[in-house]
Amino acid sequence: MSEYLAAHIQERLAARAHELGIKVEVRDDVVYLHGQVASVEQCHQIEEAARMAAEGRRVCNEVSVVPVREPGGEERLS
Amino acid sequence: MIRVAAVGDLHVGPEVAGAYRERLTGLPDHADLLLVAGDLTRHGTVEEGKVAAEELHDLGVPVITVLGNHDYHSDQQDDITRVLEDAGITVLEGEGTTVECGGTCVGIAGGKGFGGGFAGRCASDFGEPEMKAFVGHTKAFAERLGTALLGLDCDTRICLTHYSPVEETLSGEPPEIYPFLGSYLIAEAIDASGCDLAVHGHAHKGSEKGVTPGGVRVRNVALPVIQQAYAVYCLGAE
Ligand SMILES: [Fe+2]
Ligand SMILES: [Fe+2]
């Protein structure tokens, strides 16, 4: 069942890649990954971990890397 | 006026060593202190803790941090704390500290915190020992936090946690996981002490701004939320 598979992949992402915030969706024979991570390396790690648990399904990695801009502006709180 | 720079969820490791520090050049021109809201590492290893210490040491302003759940993952939180403290970074876990900033005394109390949820939809101290342990961990933390906040002798009071005190800054996360993202008990401690600001991280998909029931401004500074090296909040009169 695809719902169990998605849950198992999510577990694998936590255990292997230590990513908790990735959305996993299984549609037909494709596993979709959505979310944001800190680096390109993590993005690859996630895909690899997902593939290991994907039971041969194709993995479509739509995870992006968080853009970290130069600090700009300040908020006055008084 | 005090300028507080804040960021959380750096999640550094050897593969990205040095990258975050590059963004911190000029920090003393923009802020009087830097607060780090936990999850400095990915797997919670000492090796990653050392990378975090390298990113955050000698920045020209005091750096105060708490640890996050990721920093506990490898059971090396005590060693990570030591590595950070050896680098001159203050690590809070249920206690407070004060910093002098241009004649104003800024007090910061905080710690990791924990989950449990929010009023009306929260876990309660009832039933199995596992459940009691879960809620008990948050309760014990909130009590220590409340004491630490009230014990600060300062002009400006800030609460720094990893887990969230309010729901508002979680907006964007699935509501089903709110109980794992924070607890109203943290907000209760904040309101009892009359803080000027509460800063947290952890909710990567949450929102930046919220407020406690008592009117204290809450800011979620998780890196994926603020999407800049740090946010700056100005407190007090000019
Ligand atoms: Fe995090
Ligand atoms: Fe976290």
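Reminder, nothing fancy here: chain letters follow the sequence lines and each chain counts from 1.
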Heavy-atom pairs under 4.5 Å with chain A, option from B:H204, B:H70, B:R3 with the top count
B:H70

So which of B:E173, B:K209, B:E22 has the largest heavy-atom pair count under 4.5 angstrom toward chain A?
B:K209

Could you state the interatomic distance from CG (A:L20) to NZ (B:K205), rounded to the nearest 0.5 Å?
9.5 Å

Picking from A:E75, A:K23, A:Q36, A:E70, which has the most non-hydrogen pairs under 4.5 angstrom with chain B?
A:E75

Count the heavy atoms of every other residue, nucleotide or ligand shown that sit under 6.0 Å from CZ of B:R21, and state whether that count exceeds 12.
yes

Does a sphere of radius 6.0 Å around CD in A:E48 hold more than 12 heavy atoms from other residues, nucleotides or ligands, not counting ones at 6.0 Å or beyond?
no

Can you tell which part of B:N69 gets under 4.5 Å to a heavy atom of chain A, answering side chain, backbone, both or neither?
side chain

Region of B:A231 in contact with chain A, defined by heavy-atom distances below 4.5 Å
neither

List the atom of A:R69, the atom of B:R23, and the distance in Å for their closest heavy-atom pair.
C-NH1, 3.8 Å

Tell me whether the count of non-hydrogen atoms from other residues, nucleotides or ligands lying under 6.0 Å of CD in B:E100 goes above 12.
yes

For residues A:Q42 and B:H11, report the shortest heavy-atom separation together with the two atoms involved.
OE1-O, 4.4 Å

To the nearest 0.5 Å, what is the distance between SG (B:C234) and CD (A:E74)?
3.5 Å

Counting C-beta onward and ignoring hydrogens, is there a side-chain heavy-atom pair between B:Q228 and A:V68 closer than 4.5 Å?
no

Here the pair of heavy atoms bringing B:L235 nearest to A:L77 is CD2-CB, 3.7 Å

Count the heavy atoms of every other residue, nucleotide or ligand shown that sit under 6.0 Å from CG of A:D28, and state whether that count exceeds 12.
no

More than 12 heavy atoms of other groups within 6.0 Å of A:E3 CD:
no

Minimum-distance pair of heavy atoms, taken over all atoms of B:R42 and A:H18:
O-CB, 3.9 Å

Might you point out which heavy atoms bring A:G73 and B:V232 nearest each other, and give the distance in Å?
O-CB, 4.2 Å

Which atoms of B:I226 are under 4.5 Å from chain A, going by heavy atoms: the side chain, the backbone, both sets, or neither?
backbone

